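Working notes, structure below.
Sequence positions, counted from 1, serve as the residue numbers for this chain. Keep in mind that this is a model prediction, so the values were computed, not measured. Indexing begins at 1, ligand by ligand and atom by atom, following the structure's order.
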Amino acid sequence: MFANDLKLTQNSYYAASANAQPNYPTLGEDVEADVCVVGGGFAGLSAAIELADRGYSVVVLEAHHIGFGASGRNGGQLIAGLACEQDVIENALGFEAAKQVWNMSLEALDLVRERVKRFDIQCDLTDGFMGVAVNAKKTAKLNDWLDGMAQRYAYDVQRIAPNDIKTWINSPRYHSGYFDKTGGHIHPLNYCLGLANSAKSLGVRIFTNSAVIDMQQGETATLHTKRGTVKAKFVVLAGNMYLPEISPKLAPSLTKRIMPVGTYIIGTEPIDADLAKELIASNAAVCDTNFVLDYFRFSASNAKNKPRMIYGGRVSYSAMTPFNLTGKMQARMAETFPQLANTKVEYTWGGFVDITMSRAPDFGRISNNIYYLQGFSGHGVALTGLAGKLVAEAIAGQSQRLDVFAKIKHHDFQGGKWLRTPALVLGMAWYQLRDALG
Ligand SMILES: Cc1cc2nc3c(=O)[nH]c(=O)nc-3n(C[C@H](O)[C@H](O)[C@H](O)COP(=O)(O)OP(=O)(O)OC[C@H]3O[C@@H](n4cnc5c(N)ncnc54)[C@H](O)[C@@H]3O)c2cc1C
């Protein structure tokens, strides 16, 4: 399914601007640890840091390299909340627990800032997030949502009325919006590499090019790679969509609950700082409120004080990369910002998000000592950090907060491996039509 996936990493702005990192070894022996974490993305590395902080010996096994997956490729947007609406969580858990979940999503934003500061991670952390609506009908919906969130969740943001929107974002596409100072953006690959360095500094043993191909469960679990094993009292599976691809037999019950959705990003040539300021005055990350959304922001400036536009959008429900991807993305960016119509695109890359049926995240255990974190549904830059913390709390005997999430019921995507994708395509076509009709 991911035959195209490697190609999607080959022209990434993040890879081209990655900070230096150590060469992590490949597992070539039999080792023991209190906890074995599968996956060197945000979720796995966050769990590793939190576990090491609590005194556990931790091994991280990564099939490729640190940040190979979604964590090294995403839009870098730090956004409050979950991928689903809060009413999905309220319906599943009731209001009090839903409020706890919402507050944890805010804690996740603080955790990113805390880690950047504590470990001095160089990842261009910038404050500010804007949600924007594309027309009057969407503005009305956005305002209803903001009213409800203010009353019920005390979510306090600055509203941007239609008359003011152009001073915030100079685009013909947007009608209104809101600014949330608790959101923001980062260079995700550098953040991920920084998390790995931080974990290493706490004694975590990290092995790359070390795919877990089999696991024997039991009081002590044994995880097998091609050239070594790890025996561990606890396991954290944090492999995103790659887990079922790399090791389909590891946790088959989890596989049916997530589907891969491709999403893509372009990076332009550096542009003048004045033009960047004219386009997004606050330098916030921006995301529209459509179901199938566009998300964009500026990168940090280069030595000549010029940032790049990092523009994400388009989705694909098969593992195939869309035809003429760069051209289509460029055209989309130019619709949003006609001022960039002649700006060159220098990078195009993409990856897969692990969506659940309800878009609520899927955290829990498959047995007493095997935990998993998946289903971030495209909303995981901040939430993965919190998820890692929750799993560490649970392993340390405090499972109350993880259990709040574990109580959310998830449904399987129907139809088995080959029919699930067409069913999803049909479902998504409906949502795209709904976006188009306003
Ligand atoms: C293009 C794109 C844009 C996005 N934009 C945003 C955004 O702006 N804001 C936001 O909040 N979210 C965004 N997301 C989602 C966010 O990036 C993810 O939710 C998050 O990075 C998931 O982290 P993770 O650690 O769960 O998974 P990953 O980062 O995918 O890490 C999983 C790792 O596990 C490894 N692995 C899997 N199986 C095995 C195995 N058997 N053995 C060893 N290793 C294994 C993989 O190689 C991979 O490196 C985006 C995602 C994509 C793809």
(message) Nearest non-hydrogen contact with atom 40 (C) of ligand 1 belongs to which option: Val38, Leu237, Leu293?
(response) Val38
(message) One thing to verify: whether Glu29 and Arg227 come together as a salt bridge, which I'm taking to mean a side-chain N less than 4.0 angstrom from a carboxylate O.
(response) no
(message) Using a 4.0 Å cutoff against the non-hydrogen atoms of Ser247, which atoms of ligand 1 qualify?
(response) 41 (N)
(request) Carefully, step by step, assess Phe352 and Tyr242 under the rule ring-ring contact (aromatic ring centres under 6.0 Å, His included). (result) CA-CA 9 Å; Phe352 292 92; Tyr242 298 95; 7.2 Å; no
(message) Checking side-chain polar atoms at under 3.5 Å, does Asp362 have a donor or acceptor matched by the opposite partner on Gln374?
(response) yes
(request) Starting from atom 34 (O) of ligand 1, locate the nearest protein heavy atom and write down its residue, its atom name and how far away it is, to 0.1 Å. (result) Gly39 CA, 3.2 Å
(message) Between His64 and Thr208, do the side chains contain a donor N or O and an acceptor N or O under 3.5 Å apart?
(response) no
(request) Specify side chain, backbone, both or neither for Leu243, according to which of its non-hydrogen atoms lie closer than 4.0 Å to ligand 1. (result) both
(request) I would like to know whether Phe42 and Leu195 meet side chain to side chain contact (heavy atoms under 4.5 Å, CB included); could you show each step before the answer? (result) CA-CA 8 Å; Phe42 296 149; Leu195 290 180; 4.0 Å; yes
(message) Does this structure show an ion pair linking Glu219 with Lys233, if we count only N-O contacts that are shorter than 4.0 Å?
(response) no
(request) Run the salt-bridge test on Lys231 and Asp34 with the 4.0 Å N-O cut-off and return the result as yes or no. (result) no
(message) For Ala238, which part has a heavy atom under 4.0 Å from ligand 1: side chain, backbone, both, or neither?
(response) backbone
(message) With heavy-atom distances below 4.0 Å as the criterion, list the atoms of ligand 1 near Ala211.
(response) 42 (N), 43 (C)
(message) Counting only nitrogen or oxygen atoms and a 3.5 angstrom limit, does Gly72 reach ligand 1?
(response) no
(request) Provide, to 0.1 Å, the distance between atom 51 (C) of ligand 1 and the closest protein heavy atom, together with that atom's residue and name. (result) Val353 CG1, 3.3 Å
(message) Walk me through whether Tyr264 and Trp349 qualify under ring-ring contact (aromatic ring centres under 6.0 Å, His included).
(response) CA-CA 6 Å; Tyr264 307 95; Trp349 69 98; over 10 Å; no
(message) Just by distance, no angles: are the side chains of Gln86 and Tyr153 close enough, under 3.5 Å, to form a donor-acceptor pair?
(response) yes
(message) Heavy atom to atom 24 (P) of ligand 1, shortest distance: which of Ser71, Gly313, Gly262, Gly75 holds it?
(response) Ser71
(request) Considering the heavy atoms of Gly76, write down every atom of ligand 1 situated less than 4.0 Å from one of them. (result) 8 (O)
(message) Looking at every heavy atom in both Ser17 and Asn190, which two are closest together, and how far apart are they?
(response) O-ND2, 3.2 Å
(message) Check this for me: does any side-chain nitrogen of one of Lys99 and Glu90 sit under 4.0 Å from a carboxylate oxygen of the other?
(response) no
(request) Would you indicate which of Glu62, His185, Gln77 comes nearest to atom 33 (C) of ligand 1 when only heavy atoms are counted? (result) Glu62
(request) Heavy-atom contacts with His64 under 4.0 Å: which atoms of ligand 1 show up? List them by number with element. (result) 47 (O)
(message) Evaluate His187 against Ser299 for side chain to side chain donor-acceptor pair (under 3.5 Å), listing each step before the verdict.
(response) CA-CA 8 Å; His187 184 306; Ser299 72; over 6 Å; no
(message) Under 4.0 Å from a heavy atom of Tyr242: which atoms of ligand 1 are those, numbered in the order shown and with their elements?
(response) 30 (O), 37 (C), 38 (N), 46 (C)
(request) Can you pull out the closest protein heavy atom to atom 31 (O) of ligand 1? Residue, atom name and distance to 0.1 Å, please. (result) Gly41 CA, 3.6 Å
(request) Tell me, please: is Gly312 in heavy-atom contact with ligand 1, that is, under 4.0 Å? (result) no
(request) Compute whether any side-chain donor of one residue and acceptor of the other, for Thr263 and Tyr295, lie under 3.5 angstrom apart. (result) yes
(request) Please state which part of Val381 comes within less than 4.0 Å of ligand 1, counting heavy atoms only: side chain, backbone, both or neither. (result) both
(request) Have a look at ligand 1 and work out which part of Phe42, if any, has a heavy atom under 4.0 Å from it: side chain, backbone, both or neither. (result) both
(message) Taking 4.0 Å as the limit for heavy-atom contacts, which would you say applies to Tyr295 with ligand 1: side chain only, backbone only, both, or neither?
(response) side chain
(request) Compute the shortest N/O to N/O distance between Ile79 and ligand 1 and return yes if it is under 3.5 Å, no if not. (result) no
(message) Quiz question: by atom type and distance under 3.5 Å, do the side chains of Thr356 and Arg257 form a donor-acceptor pair?
(response) no
(message) Quick test: of every protein heavy atom, which one is nearest to atom 18 (C) of ligand 1, and how far off is it to 0.1 Å?
(response) Ala70 CB, 3.9 Å
(request) Consider every N or O of Gly380 and every N or O of ligand 1, then say whether any pair is closer than 3.5 Å. (result) yes
(message) Is there a polar contact between ligand 1 and Gly378, counting only N or O atoms under 3.5 Å apart?
(response) yes
(request) Please report which non-hydrogen protein atom sits nearest to atom 1 (C) of ligand 1, along with the residue it belongs to and the distance in Å to one decimal place. (result) Thr263 O, 3.4 Å
(request) Inspect the contact between Asp294 and Arg332 and indicate whether a charged nitrogen and a carboxylate oxygen are less than 4.0 angstrom apart. (result) yes
(message) For ligand 1 and Asn240, I'd like to know whether there is a polar contact (N/O to N/O, distance under 3.5 Å).
(response) yes
(message) Checking Thr336 against Tyr311: is there a side-chain donor and acceptor pair closer than 3.5 Å?
(response) yes
(request) Output yes when the distance from some N or O of ligand 1 to some N or O of Ser210 is under 3.5 Å, and no in every other case. (result) no
(request) Enumerate the atoms of ligand 1 whose separation from the nearest heavy atom of Phe352 is less than 4.0 angstrom. (result) 53 (C)
(message) With respect to Asn74, determine whether any N or O atom, backbone or side chain, lies less than 3.5 Å from an N or O atom of ligand 1.
(response) yes
(message) Test of understanding: given a 4.0 Å heavy-atom threshold, classify the contact between Thr384 and ligand 1 as side chain, backbone, both, or neither.
(response) side chain
(request) Could you check atom 43 (C) of ligand 1 against the protein and tell me its nearest heavy-atom contact, residue, atom and distance included? (result) Ala63 N, 3.2 Å
(request) Decide whether an N or O pair under 3.5 Å exists between Ala43 and ligand 1. (result) yes
(request) Would you kindly say whether Asp180 and Tyr155 are connected by a side-chain donor-acceptor distance under 3.5 Å? (result) yes
(message) For atom 42 (N) of ligand 1, what's the nearest protein heavy-atom neighbour? Residue, atom name and distance, please.
(response) Val212 N, 2.9 Å
(request) May I ask you to decide whether Arg115 forms a salt bridge with Asp120, counting only side-chain N to carboxylate O separations under 4.0 Å? (result) no
